[in-house]
Amino acid sequence: LKIPLIVAPKNKVGINLTKYVNNLNEENCKTLKKDIKIKMPSTVPGFVTRQFEALIPATLIVILFLILRLIFEATPYGTVSNFIVTVIQMPLTNIGTTFIGTIFITVLNSILWFFGIHGTAVIDSFMGPLWYAARFANLDIFQTAADAARPYIATQDFANLIIFLGGTGNTVSLALIMAFKCKSKRLKSLGKLSFLPGIFNVNEPVIFGLPLVLNPMMAIPFFIVPLVTVGISFAAMFFGLVPYPTGVTVPWTMPAPFGGWMMCADIRGGILQLIVLVIGGLIYYPFINALDQQYLKEESAEAQTELKE
């Protein structure tokens, strides 16, 4: 039984609210039918009996949600959807998309990945709605006037193309160094394998292949690079060097600099991505070089052992 008793706008909140209410109605109806129903004689056909059994539960549900609807219509919010957006979603969005909130999420994401947990999936589960709300707010203004000031820096696209640029930890620059600068066979082969996925912001080969998981030597740059990336990007947009994200949807797999260019509708967004990639590579270099020297010694020792045998 699905009765649209809550009038909701056709946005993400409204659609999700409608789905939730319909599912709730259906579950409530099933529960009430067990206890409150009109019993029909056994001679009545089954399909008729089922209709009468649902009559009282459906009536009670209709009355309940009509009362809720009238209550919210009497408030300044007008609808349940507007209430959720105004009272819950937008305040959380304003907090979660600040510089401090974005830095906290960036650190948490790195911590989760360091311990082998898919941080991006975990973070997106609770930050996704806030980032999407910020994206839509920017998009509404961009569609009205392309040159008008937009309110949010941290949107879903900023997360995909800045926070998670090259994969968590900005590891595409690390993969590039391993592929073309490192001398050990282990790192060079891994770099060549992981560089291409890294261009499309997929970095599991580096995370689990190097590995970066529970690797104390690489932990320092793995935590520092995302913070530097977010700090530089936030500052560049806040001080007007790079436009804020437009809110236009950009695939999270879009390579730099095209992703940043599309996100900001300005080539400066792409240049920003290239700059933070280079800086990330410079931070990673001394650490991966030390690891490369260690692996070279191990490979040399293994080669000498094989010759003696």
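Just the heavy atoms: all of them, side chains too, but no hydrogens, waters or symmetry mates, feed the values below. A quick note: this is a predicted structure, and the numbers were derived from the prediction, not measured.
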With a 4.5 Å cut-off on side-chain heavy atoms, are [Y] and [X] touching?
X: L274; Y: V278; value: no
X: F223; Y: I111; value: yes
X: V172; Y: F200; value: no
X: N201; Y: T253; value: no
X: I141; Y: P151; value: yes
X: Y132; Y: T155; value: no
X: F114; Y: L212; value: no
X: T97; Y: I153; value: no

Test of understanding: clusters of I, L, V, M, F, W, Y form through side-chain heavy atoms closer than 4.5 Å, transitively. Do [X] and [Y] belong to the same one?
X: L227; Y: F222; answer: yes
X: V213; Y: L210; answer: yes
X: M218; Y: Y295; answer: yes
X: L176; Y: I283; answer: yes
X: F104; Y: F99; answer: yes

Assess whether a salt bridge exists between K183 and D292, defined as any Lys/Arg side-chain N lying under 4.0 Å from an Asp/Glu carboxylate O.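 Looking at D292 together with K183, the answer is no, because their closest N to O distance does not fall below 4.0 Å.
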- Cation-pi, Y244 ring and R150 (6.0 angstrom, 45 degrees): no
Is it the case that more than 12 heavy atoms not belonging to F238 sit under 6.0 Å from its CZ atom? no
Enclosure of K181 NZ (heavy-atom neighbours >12, cutoff 6.0 Å):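 Open.
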Between [X] and [Y], which heavy-atom pair has the shortest distance, and what is it?
X: S233; Y: I162; result: OG-CG2, 3.4 Å
X: P226; Y: S110; result: CG-OG, 3.8 Å
X: G119; Y: L112; result: CA-CB, 3.7 Å
X: C182; Y: I288; result: SG-CG1, 3.9 Å
X: G259; Y: L161; result: O-CD1, 3.4 Å
X: A175; Y: V206; result: CB-CG2, 4.3 Å

Roughly how far, to the nearest 0.5 Å, is the [atom2] atom of [Y] from the [atom1] atom of [X]?
X: F287; Y: L174; atom1: CZ; atom2: CG; answer: 11.5 Å
X: L165; Y: M254; atom1: CG; atom2: CE; answer: 13.5 Å
X: Y152; Y: F136; atom1: OH; atom2: CZ; answer: 13.0 Å
X: L291; Y: L296; atom1: CG; atom2: CG; answer: 10.0 Å
X: Q293; Y: L187; atom1: CD; atom2: CG; answer: 10.5 Å
X: I177; Y: F195; atom1: CD1; atom2: CZ; answer: 11.0 Å

* To do: Give the ring-plane orientation class for H118 versus W113, where under 30° counts as parallel, over 60° as perpendicular and anything between as tilted.
  => tilted
Can M178 and S194 be said to form a side-chain contact (heavy atoms from CB on, under 4.5 Å), step by step? CA-CA 9 Å; M178 290 192 296; S194 57; 4.2 Å; yes
*Please step through side-chain contact (heavy atoms from CB on, under 4.5 Å) for the pair W131 and I105, ending with a clear verdict.*
CA-CA 12 Å; W131 283 333; I105 291 302; 4.0 Å; yes
message: Evaluate L272 against W261 for side-chain contact (heavy atoms from CB on, under 4.5 Å), listing each step before the verdict.
response: CA-CA 9 Å; L272 174 63; W261 189 348; over 6 Å; no
Can you check whether [Y]'s main-chain N or O pairs, donor with acceptor, with [X]'s side chain at less than 3.5 Å?
X: N203; Y: T168; value: yes
X: D124; Y: T120; value: no
X: D157; Y: V250; value: yes
X: T171; Y: G167; value: no
X: S125; Y: V122; value: yes
X: R268; Y: L241; value: yes
X: Q273; Y: G260; value: yes
X: T229; Y: V225; value: yes
X: E299; Y: K185; value: yes

Inset, instruction - Check step by step if side-chain contact (heavy atoms from CB on, under 4.5 Å) holds for V276 and V228. - result: CA-CA 8 Å; V276 295; V228 172; over 6 Å; no
Discussion item. If only side-chain N and O atoms count, and only distance matters, is there a donor-acceptor pair under 3.5 Å linking T249 with R135?
Written reply: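 T249 and R135 do have a side-chain donor-acceptor pair below 3.5 Å.
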